[in-house]
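Proteins get letters first, then strands, A, B, ... in listed order; numbering begins at 1 in each.
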Number of protein chains: 2
Amino acid sequence: MKILIVDDDAELRSHLVDILNEEGYETDFASSGKEALEKCQAQTFDIVLMDFMMPKMSGNEALKELRKHHPRTKVIMITAFASVENAVDAIKNGASDYISKPFKIDDFLTTIRRVIEETKFENRVKKLDQDKAFNAIASPIRRNILTMLSDSGPMRLMEITRELGIEDHTKVVFHLKILKEATIIEQDNERVYGLSEAGYKTIECLKKMEQILLD
Amino acid sequence: MKILIVDDDAELRSHLVDILNEEGYETDFASSGKEALEKCQAQTFDIVLMDFMMPKMSGNEALKELRKHHPRTKVIMITAFASVENAVDAIKNGASDYISKPFKIDDFLTTIRRVIEETKFENRVKKLDQDKAFNAIASPIRRNILTMLSDSGPMRLMEITRELGIEDHTKVVFHLKILKEATIIEQDNERVYGLSEAGYKTIECLKKMEQILLD
DNA sequence: GTTTGTTGTGAATTAAACTTCACAGGTTGA
DNA sequence: TCAACCTGTGAAGTTTAATTCACAACAAAC
């Protein structure tokens with residue numbers, strides 16, 4: 001777990017770094033929003049801990065930029081105790097949580113841990129989705145279905161079945177179900193099968209792989 | 001099967017087009033090497049039939065260009081009867097076969113059919129290779145092995161086994177064998193496993209897919 | 001209103017992928 | 001030389017994926 005601490009107050013910054021190091025986290029720090037963005041460009045952090053109030057680029061601006069370019073790193077904002085609206089603002093802009101100054105070390109660590117758990121959980125879910133997608137495109141039949149849907153647009157069950165030259169339609173139903181569970185294809189209310197948003201991305205990948213593998 | 005006939009002699013050209021159409025092939029024609037390249041750019045041909053001797057861009061030049069930009073379309077050259085060295089030249093430059101002028105229609109068709117059979121065979125083999133590759137990357141374990149080899153360079157069996165946290169090394173052997181059969185990884189004479197040329201391409205694909213699927 | 005075609009479900013079977021186990025040759029180091 | 005480790009094979013067992021079959025709801029066509 002790599003954590004970046006961003007604060008213009010050198011004393012607080014190094015204090016937080018010490019605490020987190022003691023807990024076994026890998027840390028780095030930045031004294032401004034600009035420096036933080038540069039460090040995030042160079043390496044990948046799991047969590048960024050950022051002060052809301054900073055000179056020049058405000059924490060909120062840096063937050064927006066971060067979420068735009070590194071959607072997978074979580075941001076925790078440090079706000080002044082009084083300003084609830086700042087905290088709400090931060091959440092709206094994509095912060096995972098906020099900590100009000102002054103805070104107890106225990107509360108601080110609890111927040112960090114919770115966000116880490118959330119991150120881990122999200123990653124597990126994404127891994128599962130990925131596994132499904134890779135499995136879905138592992139079968140030649142399913143790849144055929146996908147390229148068909150890509151070339152000819154949405155199709156009905158029996159159209160697909162006949163185009164594939166398969167006699168038993170339940171076999172096709174089986175494969176369509178797998179593609180649907182992987183959210184690669186979807187069915188409209190008239191039961192027509194078509195590529196989903198993720199499906200178009202998958203097709204893109206497929207095309208690239210075929211091209212690369214065929215030469 | 002789409003065939004492109006390239007010849008500056010309009011009479012011979014339309015004669016060949018007629019013969020091939022009668023045989024049920026889809027045809028198109030061009031009167032110069034330049035025109036042929038343009039047509040190949042716009043659409044994909046399975047076979048290009050090209051006269052060796054043409055004004056301006058020679059058949060040989062056009063052949064080279066074609067092979068460079070469209071390695072999957074086969075080229076059959078038409079040469080003058082006397083010039084054996086031209087035929088040899090054509091083969092060296094990547095032509096699949098050649099036909100000496102004048103020729104009998106039967107011989108001509110036999111050559112066309114042979115090249116078509118070759119193409120079909122090659123495509124079947126490539127399809128099989130592709131299936132293997134997609135299967136190989138369908139397993140999370142094997143994807144882990146690939147990313148490990150990509151990140152850390154070549155590794156020995158037990159290094160891989162321990163890094164994966166697997167107790168039974170024969171399990172890893174099983175997966176390595178599949179990756180080896182898909183020619184994604186290879187073993188040097190000291191039994192160290194490393195990515196093959198196709199392996200690097202596969203990793204590239206994997207990275208792209210992961211990135212696309214994760215967002 | 002009966003037939004024909006479409007779109008499914010759920011259980012049973014078959015096939016393929018994966019794992020585990022027993023064993024064995026080869027190398028290294030004490 | 002003997003013990004410890006690495007690398008692997010082949011068979012048996014387990015699990016998962018894929019196919020086939022029997023059946024059914026629903027719609028359209030005759």
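- The side chain of Y193(A) contributes no N or O atom lying less than 4.0 Å from OP1 or OP2 of dT6(C).
- For the pair L157(A) and A138(B), both in contact range of DNA chain C, the more 5′-proximal nearest nucleotide belongs to L157(A).
- You won't find any donor-acceptor pair under 3.5 Å spanning the side chain of S139(B) and the base of dC18(C), going by distance alone.
- Distance, F174(A) CZ to dA15(C) P: 15 Å, rounded to whole Å.
- When each of dA22(D), dT19(D), dT20(C) is scored by its nearest atom to the side-chain atoms of I141(A), the top-ranked nucleotide is dT19(D).
- Atom CZ of F134(B) is surrounded by more than 12 heavy atoms from other residues, nucleotides or ligands within 6.0 Å.
- In the displayed structure, K2(B) atom NZ is contacted under 6.0 Å by more than 12 heavy atoms of other residues, nucleotides or ligands.
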Run T111(B) and D97(B) through side chain to side chain donor-acceptor pair (under 3.5 Å) and show every step you take. CA-CA 8 Å; T111(B) 303; D97(B) 209 339; 4.9 Å; no
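- Rounded to whole Å, the distance from NE2 on H175(A) to C1' on dT7(C) is 17 Å.
- Among the heavy atoms of the strands, none lies under 4.0 Å from E190(A).
- Following rounding to the nearest Å, D168(B) (CG) and dA12(D) (P) show an atom-to-atom distance of 18 Å.
- H169(A) does not qualify as a stacking partner of the dT6(C) base, lacking a centre-to-centre distance under 5.5 Å together with planes within 30°.
- For the atom pair NZ of K92(B) and CG of L63(B), the computed distance is 13.0 Å after rounding to the nearest 0.5 Å.
- Dashed line: the shortest gap from a side-chain N or O of R162(A) to OP1 or OP2 of dT6(C) is under 4.0 Å.
- Taking atom CZ on F134(B) and atom P on dA17(C), their separation rounds to 16 Å, with Å as the unit.
- At the phosphate of dT7(D), neither OP1 nor OP2 sits under 4.0 Å from any side-chain N or O atom of Q187(B).
- Distances shown here put a side-chain N or O of K177(B) below 4.0 Å from the OP1 or OP2 atom of dT9(D).
- Atom-to-atom, CZ of R191(B) to C1' of dC6(D) comes out at 8 Å; the value is rounded to the nearest Å.
- Residue-environment remark: CD (E163(A)) stays at or below the threshold of 12 foreign heavy atoms within 6.0 Å.
- The nearest whole Å value for the distance from the CE atom in M158(A) to the C1' atom in dC26(D) is 15 Å.
- Note: CD1 (I166(A)) to P (dT7(C)) measures 15 Å, nearest angstrom.
- Close to dC18(C), at under 4.0 Å from its OP1 or OP2, lies a side-chain N or O of R142(B).
- Note: CD (E163(A)) to P (dT6(C)) measures 15 Å, nearest angstrom.
- Side-chain nitrogen and oxygen atoms of R156(A) include none within less than 4.0 Å of the OP1 or OP2 phosphate oxygen of dT6(C).
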